[in-house]
Amino acid sequence: MKTISQETQQLIKEYQQHYQSSQKKEEVPTIHVDEVVSRVAIFYEKIRGIVDWKEEHLLRRTAIIRILKRRLLLYKNGEDVAKMLVLELIRGGHFPNDKIPETKIKEVQKIIDKYIFILANSPQNKEKLKYQLYDWILGLSACEIEEALSPPRKEKALIRYMEKMMSERIKIKGGIFAKIEISENEKNIQILIAVQRALFKLDSPIISYSLLKRRFPEWSEAPLSLLKEIAENIYSIWKDTEKELSHPLADKFYQICERYDTPYLIIGDIISENPMKVEEKITHREVLENLIKEAYKKRVVTLKKRLGRAAVFATSSIFITKVAVALAIEIPLDKYLTGEFSYFVLSMNILIPPLLMCLLILTIRLPRKENLQRVIQEVMKIIYETKKKDIYQIRIFKKRSIVLRTAVGIFYFFSFCLTFGIIIRTLKWLNFGIFSQIIFIVFLSLITFAGVKIRERSKELTVEEPKETLLRTTIDFFVLPIIRLGKWLSKEWEKHNVLATLFNSFIEMPFQLFIEFLEQWRYFLKEMKEEIH
């Protein structure tokens with residue numbers, strides 16, 4: 001029998017507490033929405049999921065932000081927004097029907113009031129940043145609302161577990177002539193950020209929310225005095241948070257956490273399966289090995305399904321948008337302005353980006369068989385008490401000289417010009433007009449960036465260190481400029497997604513009014529039927 005580490009014992013206790021609390025069924029009134037109306041709303045949400053595509057685990061928070069923006073436009077003081085927000089989220093299938101206690105509405109309203117107070121009492125002399133601050137605050141409020149409606153207790157326990165383990169294992173080492181300029185507090189913050197990014201693929205708003213709670217432990221139940229202090233200093237708090245997210249060593253911390261996150265995910269799966277009896281089982285090495293294999297196989301199956309869904313949604317989203325752009329912009333410009341309209345060019349422009357995505361997805365390779373043995377070894381190193389623990393080193397090298405930075409920049413600029421020069425020459429050879437060329441490059445970059453992100457997600461179970469080859473380096477030389485452009489465009493796309501704006505302005509608001517009317521009408525019919533008896 002093996003001795004389980006204290007950290008693992010603590011994690012098991014936290015999972016057991018969560019399991020016991022979920023088994024307690026208190027008789028409290030829960031929020032109910034009409035099932036027929038809900039099916040209509042769920043169908044609409046699926047369409048929205050294609051129009052403004054996000055990764056699966058971010059869809060719910062995206063819906064909260066979207067609904068909040070619309071509701072706060074109508075009710076600027078935020079009064080009674082919570083009830084409408086929660087009902088709409090349940091109707092759309094983002095939360096289960098008849099499961100959320102009615103008391104949660106007051107809790108959500110309190111959260112909304114808190115963020116409105118911060119916005120209302122923030123400094124008024126920074127008009128240029130006001131809209132960016134509004135979006136940032138809205139993102140934080142959505143994170144807190146989602147957490148209130150569905151507390152991620154197990155996920156938080158696993159984050160704390162990996163964070164503690166990583167803080168013991170990650171060591172900073174300076175290279176030749178390099179000075180170590182990172183404090184212990186900075187290191188711990190970067191580990192927290194990297195763990196959240198690697199373990200559950202959390203994005204900047206959620207991580208910002210967790211950093212604020214770390215900085216202000218009373219954030220969830222902040223007294224009025226603290227809220228006033230936060231409101232007065234909100235711009236500097238925002239700036240500090242963004243600085244922590246863009247730390248120069250952030251990528252190095254992430255690379256280590258991403259490489260070793262699989263064992264922690266497997267440990268979480270094993271404990272979740274039977275938290276009350278798992279401690280006794282995992283003391284036996286052979287039993288633990290079988291549990292690891294079972295959990296790993298399930299993860300591989302789930303990963304395949306997620307990659308397939310992500311590919312379909314990403315391709316559909318860009319394809320629909322591409323068709324809309326072609327009808328609204330490309331065809332009129334080519335037909336009436338340049339006189340270079342061609343159905344062949346239009347077909348190529350619409351079909352090539354989705355076909356490229358299919359190619360990127362079909363060439364994805366899941367982890368090799370040898371990877372499972374590495375996972376088993378790493379899980380056992382973490383779960384069992386050991387005298388010697390692995391050390392993961394982060395090396396800090398001397399900053400590149402101006403001459404070297406300039407040389408690297410020129411080389412990248414050369415690869416950028418060469419890559420897009422080849423693409424433009426090819427498009428001209430195929431008789432693409434100037435506007436068709438621009439639109440093609442935009443969508444090619446977006447689909448390549450989305451495809452590469454999905455390919456990277458396929459490596460989330462891989463513990464083995466990736467091997468660099470000459471072929472891979474050559475491909476990177478040509479593809480990296482396209483990916484970088486796609487990354488920049490995708491950020492701008494989120495800010496100015498015209499199709500999503502049109503949906504919000506002309507479809508969503510009338511649709512939600514119709515849904516609310518339909519629900520009230522069905523309640524009225526039920527009451528009338530009851531009166532007959």
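Reckoned from all heavy atoms, side chains included, excluding hydrogens, waters and symmetry mates. Just so you know, residue 1 is the first one in the sequence shown, and it goes up from there.
Residues T241 and W136 form a side-chain contact, since some pair of their non-hydrogen atoms from C-beta on lies under 4.5 Å apart. Under the 4.5 Å side-chain criterion, counting only non-hydrogen atoms from C-beta, F200 is in contact with I159. Looking at heavy atoms from C-beta onward, I145 lies out of side-chain contact with V86 at the 4.5 angstrom threshold. With contacts defined as side-chain heavy-atom distances shorter than 4.5 Å, the pair Q132/W238 qualifies. No side-chain heavy atom of I271 sits under 4.5 Å from any side-chain heavy atom of I282. At a threshold of 4.5 Å between non-hydrogen side-chain atoms, the residues L87 and I31 count as touching. A 4.5 Å side-chain heavy-atom check between M166 and F253 finds every atom pair outside the cut-off. Contact annotation: the side chain of C257 never approaches that of L199 to less than 4.5 Å [non-hydrogen atoms, C-beta and beyond].
We find that E144 and K114 are joined by a salt bridge, their nearest charged nitrogen and carboxylate oxygen being less than 4.0 Å apart. A salt bridge links R70 and E88; the closest N-O separation between the charged side-chain nitrogens and carboxylate oxygens is under 4.0 Å. With salt bridges taken as basic N to acidic carboxylate O contacts below 4.0 Å, one links E273 and K298. Residues D135 and K69 are paired through a salt bridge, judged by an N-O separation under 4.0 Å between the basic side chain and the carboxylate. Using a cutoff of 4.0 Å between basic side-chain nitrogens and carboxylate oxygens, E107 and K104 are scored as salt-bridged. Taking 4.0 Å as the cut-off between side-chain N and carboxylate O, D113 and K106 do not count as a salt-bridged pair. Using a 4.0 Å cut-off between a side-chain N of Lys or Arg and a carboxylate O of Asp or Glu, D203 and R61 qualify as a salt bridge. Salt bridge D240/R215: present, at least one basic N to carboxylate O contact under 4.0 Å.
Across all their heavy atoms, I191 and I170 have their closest contact at CG1-CD1, 4.1 Å. Across all their heavy atoms, I65 and A142 have their closest contact at CG1-CB, 3.5 Å. Contact detail for L140 and P205: the closest heavy-atom pair is CD2-O, 3.8 Å. Across all non-hydrogen atoms, the minimal contact from Y235 to K130 is OH-CA, 3.9 Å. When all heavy atoms of I118 and A231 are compared, the closest pair comes out as O-CB, 3.8 Å. Of all non-hydrogen atoms in S246 and E242, the two that sit nearest each other are OG-O, 2.9 Å.
Atom CD1 in I12 sits 7.5 Å away from atom CD1 in I383 (nearest 0.5 Å). Distance check, rounded to the nearest 0.5 Å: CD1 of I64 to CD1 of I67 gives 7.5 Å. Distance check, rounded to the nearest 0.5 Å: CD1 of I237 to OG of S208 gives 12.0 Å. Here the CD1 atom belonging to I137 is positioned 12.5 Å from the CG atom belonging to L68, to the nearest 0.5 angstrom. To the nearest 0.5 angstrom, L227 atom CG is 9.0 Å from N121 atom CG. The CD1 atom of I230 lies 4.0 Å from the CG atom of L226; values are rounded to the nearest 0.5 Å.
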Is there a side-chain contact (heavy atoms from CB on, under 4.5 Å) between L485 and T448? Walk through the geometry before answering. CA-CA 10 Å; L485 177 61; T448 304; over 6 Å; no

Test side-chain contact (heavy atoms from CB on, under 4.5 Å) on K110 and E221; report intermediate values, then the result. CA-CA 10 Å; K110 191 177 176 182; E221 296 291 335; 2.9 Å; yes

Before giving the answer on side-chain contact (heavy atoms from CB on, under 4.5 Å), spell out for T8 and Y161 the whole-Å C-alpha distance, their side-chain angles and the decisive distance to 0.1 Å. CA-CA 8 Å; T8 306; Y161 179 62; 2.7 Å; yes

side-chain contact (heavy atoms from CB on, under 4.5 Å) between R484 and F449, worked out: CA-CA 8 Å; R484 293 288 295 272; F449 175 63; over 6 Å; no

Criterion salt bridge (charged side-chain N to carboxylate O under 4.0 Å, His left out) on D261 and K201, from CA distance to verdict: CA-CA 11 Å; D261 67 333; K201 307 298 178 275; 3.7 Å; yes

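Surrounding NZ of K213 are more than 12 heavy atoms belonging to other residues, nucleotides or ligands, all under 6.0 Å away. Taking a 6.0 Å sphere around CZ of R214, one finds it holds more than 12 heavy atoms contributed by other residues, nucleotides or ligands.
Of the N and O atoms on the side chains of E378 and T262, not one donor lies less than 3.5 Å from an acceptor on the other residue. One side chain, N371 or Y296, offers a donor N or O that lies under 3.5 Å from an acceptor on the other.
In this structure, the side chain of E146 does not engage the main chain of R60 through any donor-acceptor pair within 3.5 Å. Between the side chain of S272 and the backbone N or O of D269 there is no donor-acceptor pair closer than 3.5 Å. At least one donor-acceptor pair closer than 3.5 Å links the side chain of Q190 to the backbone N or O of E244. A side-chain donor-acceptor contact under 3.5 Å links S445 to the backbone of I441. Not one N or O on the side chain of S150 forms a donor-acceptor pair closer than 3.5 Å with the backbone of E147. A donor-acceptor contact shorter than 3.5 Å links the side chain of N97 to the backbone of V33.
The only option from R153, K156, R160 that meets the side chain to side chain donor-acceptor pair (under 3.5 Å) definition with E14 turns out to be R160.
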